[in-house]
Chemist: 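I'd like to ask some things about the structure below.
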Amino acid sequence: MSDGIAWDPLHRELDRWQAAGRVARFWLRDDDAVEPTPDLETLLALTGESGVPLALAVIPGLTGEALALRLAEEAGVAVSVHGWSHTNYAGAERKKQELGGDRPADAVRGELREGFRLLERLHPARFLPLLVPPWNRIDPALIPALPGLGFAALSVYGRAKQDGPVPLLNTHVDIIDWHGTRGGRGEAELVAELVAELRDRFAGSDEPVGVLTHHLVHDTAAWDFLSALFAVTTRHPAVRWSSASELLEHIA
């Protein structure tokens, strides 16, 4: 529950922000969207009821009209480009990567160009020129080509480096335990990570705190955490949940 002991550190940190007259910015990115599903409906209902803007990272090569029709009336949802087909081309002993150096760069750029155009056509009112690499990995040699493909920014995982070919709009707290249960991580652990990110921002960083979710693998723990997080933050005066489009304007 959002009023439990596990949430006390976040309450205290946000109260510190309020006392200092400051507002912490959060944003939400959810990966691997392809089509309407019951889990997507749960996510849309939760974000809609909470008034939290949602950036959906959609896999272009696997999606189509069904998702476009479902999102047409969702004013609080933006659509970004999640690679092309979420296919791993890395070797067996290496970390998974679609946008790597294992294929000709022209082939990768061609897929990104096609994915950009497809999602721009399917979601004209929701489309965001933001690239979200599958597994949050991309060959650094590909990044300078992104502006020429139409991308305004790149979103991966971790603290953003200040200097680079394109602006970064990153995520920082992943609610899924990928190396264990593959469900929601522990509440206290996630709260501690959020507090650590906020303390970093309080010390001077202006990077928004990005929360990363994957609706297709959420279990009860993941949904409960997200619901509690929204309950705590949306009613606290020291928090603002920003849309990805608003943040892109800020960092461009």
Side-chain angles (χ1 to χ4, degrees), residues 7 9-31 47 50-57 76-83 99 128-140 142-144 146-147 151-176 178 185 189-214 225-226 228-230 232-252:
W7 290 89
L10 183 58
H11 283 290
R12 290 195 296 270
E13 181 63 21
L14 292 177
D15 288 345
R16 181 168 77 120
W17 280 69
Q18 183 181 8
R22 298 179 60 182
V23 175
R25 293 180 302 156
F26 287 79
W27 78 288
L28 178 65
R29 194 189 95 199
D30 183 272
D31 288 2
T47 55
S50 304
V52 172
L54 170 64
L56 271 182
V77 178
V79 169
S80 59
V81 183
H82 199 30
L99 307 181
L128 198 65
L130 175 69
L131 175 61
V132 179
W135 299 286
N136 289 294
R137 300 185 186 110
I138 183 171
D139 184 350
L142 289 169
I143 297 177
L146 297 183
F151 292 102
L154 175 68
S155 181
V156 288
Y157 190 80
R159 303 283 173 87
K161 297 178 181 179
Q162 297 303 312
D163 297 322
V166 294
L168 290 172
L169 179 59
N170 283 0
T171 55
H172 311 91
V173 178
D174 187 342
I175 76 169
I176 299 299
W178 294 108
R185 294 170 59 203
E189 181 182 18
L190 286 168
V191 168
E193 285 192 11
L194 287 168
V195 170
E197 294 294 337
L198 287 170
R199 287 175 178 167
D200 174 73
R201 302 329 187 257
F202 196 89
S205 170
D206 63 353
E207 186 178 2
V209 177
V211 177
L212 177 58
T213 64
H214 288 74
F225 174 81
L226 205 56
L229 174 64
F230 292 166
V232 169
T233 55
T234 58
R235 65 187 180 213
H236 200 289
V239 173
R240 178 178 178 183
W241 282 92
S242 298
S243 68
S245 58
E246 173 188 359
L247 295 173
L248 282 190
E249 293 179 2
H250 178 75
I251 65 175

Chemist: Set out, in order, the CA-CA distance, both residues' side-chain angles and the distance that settles side-chain contact (heavy atoms from CB on, under 4.5 Å) for V166 and L131, then state yes or no.
Modeler: CA-CA 11 Å; V166 294; L131 175 61; over 6 Å; no
Chemist: Looking at every heavy atom in both P53 and L28, which two are closest together, and how far apart are they?
Modeler: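 Where P53 meets L28 most closely, the heavy atoms are O-CB, 3.8 Å.
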Chemist: Distance check, rounded to the nearest 0.5 Å: L168 atom CG versus I143 atom CD1?
Modeler: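 Spacing of CG (L168) from CD1 (I143) equals 7.5 Å.
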Chemist: Say whether, by atom type as modelled, one donor and one acceptor occur between the side chain of H172 and the main chain of V209 under 3.5 angstrom.
Modeler: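 Side chain of H172 to backbone of V209: no pair is present.
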Chemist: Assign the ring pair F225 / W7 to parallel, tilted or perpendicular, where the plane angle (0 to 90°) is split at 30° and 60°.
Modeler: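 Rings of F225 and W7: parallel, as their planes differ by under 30°.
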Chemist: With a 4.0 Å cut-off, would you call E13 and R199 a salt bridge?
Modeler: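 Salt bridge between E13 and R199, a charged N being under 4.0 Å from a carboxylate O: yes.
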Chemist: Roughly how far, to the nearest 0.5 Å, is the CG atom of L146 from the CG atom of L130?
Modeler: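 It comes to 10.5 Å.
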Chemist: T47 versus F230: any side-chain heavy-atom pair under 4.5 Å?
Modeler: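 The answer is yes; the side chains approach within 4.5 Å.
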Chemist: Mind listing the closest non-hydrogen atom pair of P237 and V23 along with its distance?
Modeler: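 Minimum heavy-atom contact is O-CG2, 4.1 Å.
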Chemist: Rounded to the nearest 0.5 Å, what's the gap from CZ on R16 to CG on L198? Could you check?
Modeler: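 The CG atom of L198 is 9.0 Å from CZ of R16, to the nearest 0.5 Å.
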Chemist: For P147 versus P165, what's the shortest heavy-atom pair and its separation?
Modeler: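 Minimum heavy-atom separation between P147 and P165: CG-O, 4.4 Å.
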Chemist: Are any non-hydrogen side-chain atoms of I175 and L229 less than 4.5 angstrom apart?
Modeler: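 A side-chain contact is absent here, since even the closest heavy-atom pair is not under 4.5 Å.
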Chemist: Atom CG in L128, atom CG in L56: separation rounded to 0.5 Å?
Modeler: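 Rounded to the nearest 0.5 Å, the CG-CG separation comes to 11.0 Å.
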Chemist: Looking at every non-hydrogen atom in both residues, tell me the closest pair between V132 and H82 and how far apart they are.
Modeler: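 Closest approach of V132 to H82, heavy atoms only: O-ND1, 2.7 Å.
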Chemist: Is there a side-chain contact between H236 and W17, using heavy atoms and a 4.5 Å cut-off?
Modeler: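 H236 does not reach W17 side chain to side chain.
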Chemist: Going by heavy atoms in the side chains, are P167 and L248 under 4.5 Å from each other?
Modeler: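 No - every pair of side-chain heavy atoms lies 4.5 Å or more apart.
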Chemist: For the side chain of S155 and the backbone of L169, is there at least one donor-acceptor N/O pair under 3.5 Å apart?
Modeler: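 Judged by distance alone, yes, a pair lies under 3.5 Å.
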Chemist: Does a side-chain N-to-carboxylate-O contact under 4.0 Å join R240 and E246?
Modeler: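 Between E246 and R240 there is a salt bridge, with a charged N closer than 4.0 Å to a carboxylate O.
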Chemist: Will you find, in the side chains of W241 and T233, an N or O donor that is under 3.5 Å from an N or O acceptor?
Modeler: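 T233 and W241 do have a side-chain donor-acceptor pair below 3.5 Å.
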Chemist: State, to 0.1 Å, how close D174 and R185 come at their nearest heavy-atom pair, and which atoms those are.
Modeler: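 It is O-NH1, 2.7 Å.
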Chemist: Can you name the nearest heavy-atom pair linking T234 to S50, along with the distance?
Modeler: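 The answer is CG2-O, 3.6 Å.
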Chemist: Using modelled atom types only, decide if a donor and an acceptor are shared between the side chain of R25 and the backbone of E207 within a distance under 3.5 Å.
Modeler: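 The answer is no, because no donor-acceptor pair under 3.5 Å joins these two groups.
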Chemist: Is there a donor-acceptor contact under 3.5 Å from the side chain of W27 to the main chain of N170?
Modeler: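 Flag set: sc W27 to bb N170 pair under 3.5 Å.
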Chemist: Under 3.5 Å, side chain of Y157 to main-chain N/O of L212, donor-acceptor pair present?
Modeler: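 Looks like no, no N/O pair under 3.5 Å.
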Chemist: Got a second to check how far D31's CG is from H214's NE2, nearest 0.5 Å?
Modeler: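 Atom-to-atom, D31:CG and H214:NE2 are 4.0 Å apart.
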Chemist: Say you draw a straight line from CD of E193 to CD of E197; how long is it, rounded to the nearest 0.5 Å?
Modeler: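 Rounded to the nearest 0.5 Å, the CD-CD separation comes out at 7.5 Å.
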Chemist: Would you mind reporting whether L194 and F26 have side-chain heavy atoms less than 4.5 Å apart?
Modeler: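 They are in side-chain contact.
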